[in-house]
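As the structure is a prediction and not an experimental result, all values here were calculated from the model. Throughout, protein chains are lettered first and strands after them, A, B, ... in sequence-line order, and every chain is numbered starting at 1.
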Amino acid sequence: MKYNFSKIEKKWQKYWEKHKLFEAKDFSKKPKYYCLIEFPYPSGDGLHVGHTRSYTAMDIIARKRRMEGYNVLFPIGWDAFGLPTENYAIKTGIHPKIVTKKNTNKFRKQLKSLGFSFDWKREINTSDPDYYKWTQWIFLQFFKHGLAYKSKIPINWCPSCKIGLANEEVINNKCERCGTPTTKKEKEQWLLAITKYAEKLLQGLENIDYLEKIKIQQRNWIGKSEGTLVKFPIADSQKILEVFTTRIDTIFGCTYMVVAPEHQIINDLKSNIINFEEVEKYIEEAKQKSDLQRTELNKEKTGIELKGVKAINPFTKKQIPVFIADYVLANYGTGAVMAVPAHDIRDWDFAKKYNLPIIESIKGGDVSKQAFTEDGILVNSGEFTGLTSKQARQKMTEWLEKNNLGGRMIQYHLRDWIFSRQHYWGEPIPMVNCEKCGWVPVPEKELPVKLPNVKNYKPTDSGESPLAAIDWWVNSKCPKCKGPAKRETDTMPNWAGSSWYFLRYIDPKNKKQLADNKKLKYWMPVDWYNGGMEHTTLHLLYSRFWNQFLYDIKAVPTPEPYKKRTSHGMILGADGEKMSKSRGNVVNPDDVVKQYGADTYRLYQMFMGPFDQATPWDTKGIEGAKRFNNKIWLIGQIKISKKSQNKELEKLLHKTIKKVSEDIETMSFNTAVAALMIFINECYAQKEVPQKIWEDFLKILSPFAPHLSEELWQKLGKKKSICLEQWPKYNKSLIQEGNFTLVIQINGKTRDTLLAPINITQDLVLELALKQENIKKYIPDKSAIKKIIFVPNKLINIVI
RNA sequence: GCCGCGGUGGUGGAAUUGGCAGACACGCAGGACUUAAAAUCCUGUGGCCUCAAAAGCCAUGAGGGUUCGAGUCCCUCCCGCGGCACCA
């Protein structure tokens with residue numbers, strides 16, 4: 001009688017696999033539905049409870065869609081290239097391929113033990129040469145379309161790992177992997193010109209169903225701002241300093257300029273700078289600092305005047321000093337700013353410190369006390385005096401255009417994507433460097449460029465990839481002139497493989513294309529993609545970029561890859577802190593499944609709190625899910641009756657169907673489970689539960705607790721899987737109540753309630769209300785009533 | 001410093017979007033069953049007041065405001081979490 005979950009769960013997992021219940025069918029006549037979860041990185045630690053919560057959620061949606069008659073694609077794979085595996089290889093000498101195989105085996109077993117309805121036939125692995133052949137192919141298309149280029153840029157450098165890091169890989173001024181503080185280094189890197197897609201990425205957001213906060217975050221990250229480019233001539237020189245500003249209206253108050261320490265102009269004007277030694281020293285110091293350190297210096301701004309260099313304000317024609325300061329970043333905008341202390345807080349602080357003039361050019365504040373940063377009416381601005389800021393921006397920009405000193409400019413915060421890594425465990429970049437021809441792409445028919453075996457996975461001390469040490473591999477022939485050439489030894493970042501994996505699921509074995517066109521047309525776009533907020537500005541934006549590019553070259557049929565995007569909250573440790581090994585608050589899914597079974601685990605994860613918010617793990621809380629599970633089992637064993645009827649229970653069933661159906665769509669899984677619990681509590685109180693009612697309940701339970709539902713379904717004598725059943729529809733007329741509880745308020749405070757028939761009129765309500773004992777106390781006679789607010793089928797509020 | 005998300009009983013959290021605050025669950029207390037424990041079942045469970053109940057009052061981070069009515073809307077502030085690129 002006792003529910004033997006481990007036996008029963010295994011039984012049904014085998015059954016599903018044997019009967020291929022979750023295999024998606026290409027070109028089925030049913031409408032298609034593509035559910036996507038973020039595929040895991042198979043780390044050595046195994047599956048995390050954070051994974052399973054979001055996978056359970058999407059599994060519920062996938063199972064519901066199948067029952068609603070959709071041909072569902074719910075695939076799984078491995079984002080297998082990455083640093084932890086490489087670090088592990090460095091430590092142990094075991095090949096990353098072997099480590100990955102071991103880890104994916106473990107993950108696969110774990111995922112299967114939870115009963116997820118993945119289509120395992122479409123399993124992919126980004127480190128598989130048959131997969132990364134196409135990652136390389138896409139890179140070649142980027143190159144051929146001028147969107148992949150090499151550039152010498154200041155990059156974050158980890159002196160310990162001896163690799164270049166993208167900004168997003170530097171956490172708190174330290175290397176993401178080893179914690180060593182990073183410095184700057186000039187390095188030739190491959191970049192992808194994502195900025196060329198800034199406008200498209202922005203526009204694309206208009207017509208897709210992403211959570212608003214996700215759109216906001218992407219928009220902020222892309223950071224479009226419309227403003228003005230201004231050219232400041234340098235006195236006694238042919239050079240000019242270009243500046244981008246959104247506040248051209250304040251330019252008459254521009255009393256100095258600031259350039260980034262890395263700015264080219266410093267070298268160009270080297271001979272003019274009197275205090276070059278001092279300047280050089282400052283530049284060296286800035287190199288040691290990360291962007292974040294520069295940020296921390298916020299309170300105490302530093303800078304050095306470039307003595308001997310004067311810029312000319314194109315409007316006032318006055319000569320103004322030029323400073324270098326590390327709070328201006330070289331890789332944003334033009335790397336130089338015009339400083340208007342009267343109307344910018346940061347410039348005001350800087351001007352006070354270095355005793356620079358503060359000239360008001362917008363009326364409205366007291367600039368001797370603080371910067372006035374709002375729009376207003378221009379003063380001290382020559383022919384522009386008296387205009388509003390808005391008018392002035394227009395007129396002044398036109399003036400600049402006329403005089404060839406600048407003009408309208410759109411600036412994006414988004415930066416091009418640094419695409420090279422000096423690692424072993426990544427996709428080799430399929431390029432060859434020929435002395436005569438320069439960078440030449442490897443011919444497509446020679447793809448994939450396979451990762452060769454190496455003995456040492458550590459980057460060389462010069463910062464080159466470990467691949468650089470393999471002469472036979474590096475030395476190659478130029479595909480163009482057949483002369484001697486060297487292979488690119490950098491590999492791609494771990495985001496490469498994940499930028500297009502959703503396409504490969506559609507046709508995972510295709511040898512000729514990344515995926516068959518007709519299949520792509522059938523399945524794309526992804527209908528619902530759920531993932532973490534932390535991927536919003538990296539993976540999510542990158543994959544949108546790749547898909548948009550592939551669309552432009554006609555390799556995929558839709559401009560946007562994902563129709564709908566939602567996000568999940570983190571599972572915190574029992575202490576309310578982020579789960580981490582060092583805190584010792586990590587919960588292992590295996591332990592929970594072993595002790596409670598997959599269904600209880602699934603139910604608890606859905607019940608523990610709102611899906612989109614962080615919730616702490618509660619070891620006690622899972623007991624509730626277990627009791628719920630046991631109650632269902634018990635009812636299924638002893639209370640089901642073919643003959644009996646129960647109108648009230650039927651009503652509750654239909655309410656529950658409605659609630660659960662709607663809550664799944666809004667990912668309000670916690671309240672959906674609560675509704676199921678309410679229903680079960682009611683059943684539990686009954687002597688008998690009519691089988692018809694029970695059948696529908698099992699159907700709506702099945703996405704949450706699939707094994708238990710199958711078992712109880714079979715107990716009813718059913719021959720086919722409950723997965724093949726139709727999702728029940730609720731009966732509207734059964735849900736409508738004849739009576740409702742009407743709230744009687746006096747001066748907005750609830751004083752009594754009344755059971756009233758639906759659609760009762762105000763007059764009748766008032767009459768009934770005044771008869772209530774409690775109300776009589778407050779309203780001795782009708783003349784005391786000043787006002788009545790009546791909300792039909794809800795409440796009456798009597799103001800006295 | 002900036003951006004985003006939050007703050008509701010002892011705990012996780014509900015609240016049809018401005019209409020009975022605390023659904024559901026955990027925990028706790030009392031009781032039943034048991035030699036006993038576990039499991040299970042029943043009852044109670046925001047605070048104050050009360051022997052108890054009814055009634056009343058207070059209560060959704062703090063303080064104001066709008067409204068017949070505010071957890072929900074507006075303003076000011078405090079705290080927690082996550083992200084960050086002083087973005088000109």
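Under the 6.0 Å distance and 45° angle rule, K639(A) counts as a cation-pi partner of Y684(A).
Using a 4.0 Å heavy-atom criterion, one finds that D344(A) contacts no nucleic acid atom at all. Among the protein residues, K631(A) comes within range of the sugar-phosphate backbone only, with heavy atoms under 4.0 Å from sugar or phosphate atoms but none that close to a base. Note on K786(A): nothing from the nucleic acid sits closer than 4.0 angstrom, heavy atoms only. Residue contacts for Y412(A): at a heavy-atom cut-off of 4.0 Å it reaches no nucleic acid atom on any strand shown. Counting any heavy atom pair closer than 4.0 Å across all strands shown, I678(A) reaches sugar-phosphate atoms only and no base atom. R751(A) comes within 4.0 angstrom of sugar-phosphate atoms only, judged by non-hydrogen atoms across all strands, and of no base. Contacts of T537(A) with the nucleic acid, taken as non-hydrogen atoms under 4.0 Å apart, are absent.
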*When Watson-Crick pairs (N1 to N3 and N6-O4 or O6-N4) and G-U wobble pairs (N1-O2 and O6-N3) count only below 3.5 Å on both distances, what is the dot-bracket string of RNA chain B, with | for other-strand pairs?*
(((((((..(((......[....)))((((((.......))))))(((.......)))..(((((..]....))))))))))))....
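Ring orientation note: the planes of Y601(A) and W617(A) are tilted relative to one another, at an angle of 30° to 60°.
More than 12 heavy atoms of other residues, nucleotides or ligands lie within 6.0 Å of CZ in R751(A), so this atom counts as buried by the packing criterion.
Looking at K631(A) and E682(A), no side-chain N of the basic residue comes within less than 4.0 Å of a carboxylate O on the acidic one, giving no salt bridge.
In terms of polar N and O atoms assigned as donor or acceptor, the side chain of E534(A) never comes within less than 3.5 Å of the base of rG83(B) in a complementary pairing.
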Identify every side-chain donor-acceptor pair in residues 791-800 of chain A under 3.5 Å, counting partners at least two apart or on other chains, and give the distances.
residue, atom, partner, partner atom, Å
N793(A), OD1, N759(A), N, 2.7
N793(A), ND2, N759(A), OD1, 3.3
N797(A), OD1, N747(A), N, 3.4
N797(A), OD1, G748(A), N, 2.9

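The side chain of V337(A) lies closest to rA88(B), out of rG6(B), rA88(B), rC41(B).
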